[in-house]
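For reference, the structure discussed in these notes is given below.
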Amino acid sequence: MELIKSLEQYGLNKAIDAIYKDPEKNLRMIMDWADRFAGEDFAPARKVIRQVIEDPDHPYHKFILRIIKDVDPEVAKTIGGNFFLNAVLAGWKKEEKLRKELDCNIPWAILLDPTSACNLHCTGCWAAEYGNKLNLSLEEIDSIVNQGRELGVYFYIYTGGEPLVRKKDIITLCERHPDCVFLSFTNGTLIDEAFADEMLRVKNFVPAISLEGFEAATDGRRGSGVYQKVVKAVNLLHRKRLVYGISCCYTRANFDSITSKEYLDSLRDMGVFFAWFFHYMPVGNDAVPELLPTPEQRTETMRRLREYRRDNPLFILDFQNDGTYVNGCIAGGKRYLHINANGDVDPCVFVHYSDSNIREKTLLQALQSPLFMQYHKNMPFNKNLLKPCPMLENPEKLPAMVKASGAKSTDLQSPETTEHLYAKTAPYAREWDKVADELWEEVKR
């Protein structure tokens, strides 16, 4: 197996070398390589990518050329190999095999919180509910990654807290697991020259920097001067030819500016490779349900983002509205799970209930726990894939699964009952219901 992977990596490296020498002439080599090693897997996706590569007028053809221009070749080889060879081709096959054998969910990605500590205190941040004194040790995170790799997982995402409070450990984990991709949601203020150089050395770490929109909106939530610090970090990453993206949370208050063409153009012009949009979730006793987007705002967000990514070289992910592409909810280990800084294994980064702790159970035991099996047995939670979530659009589902499994709140400071959470999400679900059904009929056509 290791010999096969080495040969595949060698083939990918040669293809990437050829592309950097003459992009337009040799771009097809990357798809020839993928077709050779993927077999029948991901055939529809590979067909779309080949169309992008062969059509010079396609906006994502320009996106690929921008990657070649702006990303260090050795970084491209490492991230490309780890992502496509390990996480997508080899990992996916192993995960599918284990799902069938074990009759439980096996994730494609694992989100984990190295720490609950943060150097900022942002208004409405759900992570603040955990407090700021919890940490997964270096060896605990290392064990999670080792266990994940045994299941075929090669993609790890840090949340928090602010993960870069643990810079040294993050780099150590990149060194210990050079075959994995590590992505981190971060406020970006701790990215400096020394850390960028470390990223360039290990080559398998990717930051997704949080922005709330333009300067006034970002500083209003995160503190004065944060926006300019982010701009400085982005310029540094661009100069070092590293891969980076932006994370955006849209709410009723900031929806219009954060989904505007002007804002999306500004991200593209900053050299951002991807933008990850998240729907505000009213998690925690102190959450503000008034920040939930209206059905009209959510619909317009979906329309704007899909329209923009159709015509512009910026890869945009819409966490809630893209359920149509991934067959609904991907949490509960179906495609990902979340481990907080206390070791609690949550089914979702936004669902803070658990019946397992990684310090007491193995990762596989957590996936086979009553709560995760509830997810496994009940997915998808709605035939309308624009209503994917058991908390937000199907608010009766989560309390039922928590009750059936005996799971408890993982908020150590102010545990929230499912009844309290339901009272915030049920009115939203009723408002979204009719709109989503009409949209779903359009999407299906």
Close side-chain approach of Q320 and L386, heavy atoms under 4.5 Å: no
| Check: F381 ring centre within less than 6.0 Å of Y375 ring centre | yes
* Charged N to carboxylate O below 4.0 Å: is that the case for K387 and D437? -> yes
**Q.** Student check: side-chain heavy atoms of E162 and L190 closer than 4.5 Å
**A.** yes
| query | Between W92 and F83, does the ring centroid distance fall short of 6.0 Å? | reply | no
Notebook entry, point to check: Any side-chain heavy atom of C248 within less than 4.5 Å of one from F278?
Noted result: no
Checklist line | D72 (side chain) donor-acceptor with R241 (main chain) under 3.5 angstrom | finding: no
*Between the side chain of D55 and the main-chain N/O of Q51, is any donor-acceptor distance below 3.5 Å?*
no
Taking N105 for the side chain and G332 for the main chain, is one N or O donor matched with an acceptor at less than 3.5 Å? yes
Report task. May I ask you to decide if W440's main-chain N or O and N384's side chain share a donor-acceptor pair within less than 3.5 Å? Result -> no
Checklist entry - Below 4.0 angstrom, N of the basic side chain to O of the carboxylate: do R304 and E307 qualify? => result no
**Request:** For Y227 and S224, indicate whether the former's side chain and the latter's backbone hold a donor-acceptor pair under 3.5 Å.
**Result:** no
Considering only NZ, NE, NH1 and NH2 on the basic side and carboxylate oxygens on the acidic side, decide whether D311 and R306 come within less than 4.0 Å.
no
What about the rings of H279 and Y428, do their centers lie closer together than 6.0 Å?
yes
- Query: Within the side chain of N285, is there an N or O that forms a donor-acceptor pair under 3.5 Å with the backbone of P415?
  - Reply: yes
- Message: Less than 6.0 angstrom separating the ring centers of W276 and F319, yes or no?
- Response: no
Between V345 and H338, is the side chain to side chain contact (heavy atoms under 4.5 Å, CB included) condition met? List the steps. CA-CA 6 Å; V345 187; H338 173 243; over 6 Å; no
Do any N or O atoms from the side chain of R309 and from the backbone of F315 form a donor-acceptor pair under 3.5 angstrom? no
Handout entry: Short side-chain to backbone donor-acceptor contact, S247 and A208, under 3.5 Å
Key = no
Problem set entry | T410 and E416, any side-chain heavy atoms less than 4.5 Å apart | no
query = Does the separation of the ring centres of Y156 and Y336 fall below 6.0 angstrom?
reply = no
Verify the ring-centre separation between F182 and Y154: is it less than 6.0 angstrom? no
Less than 4.0 Å between a side-chain N and a carboxylate O, is that true for E96 and R335?
yes
Just checking F273 against Y244, ring centres under 6.0 Å apart? yes
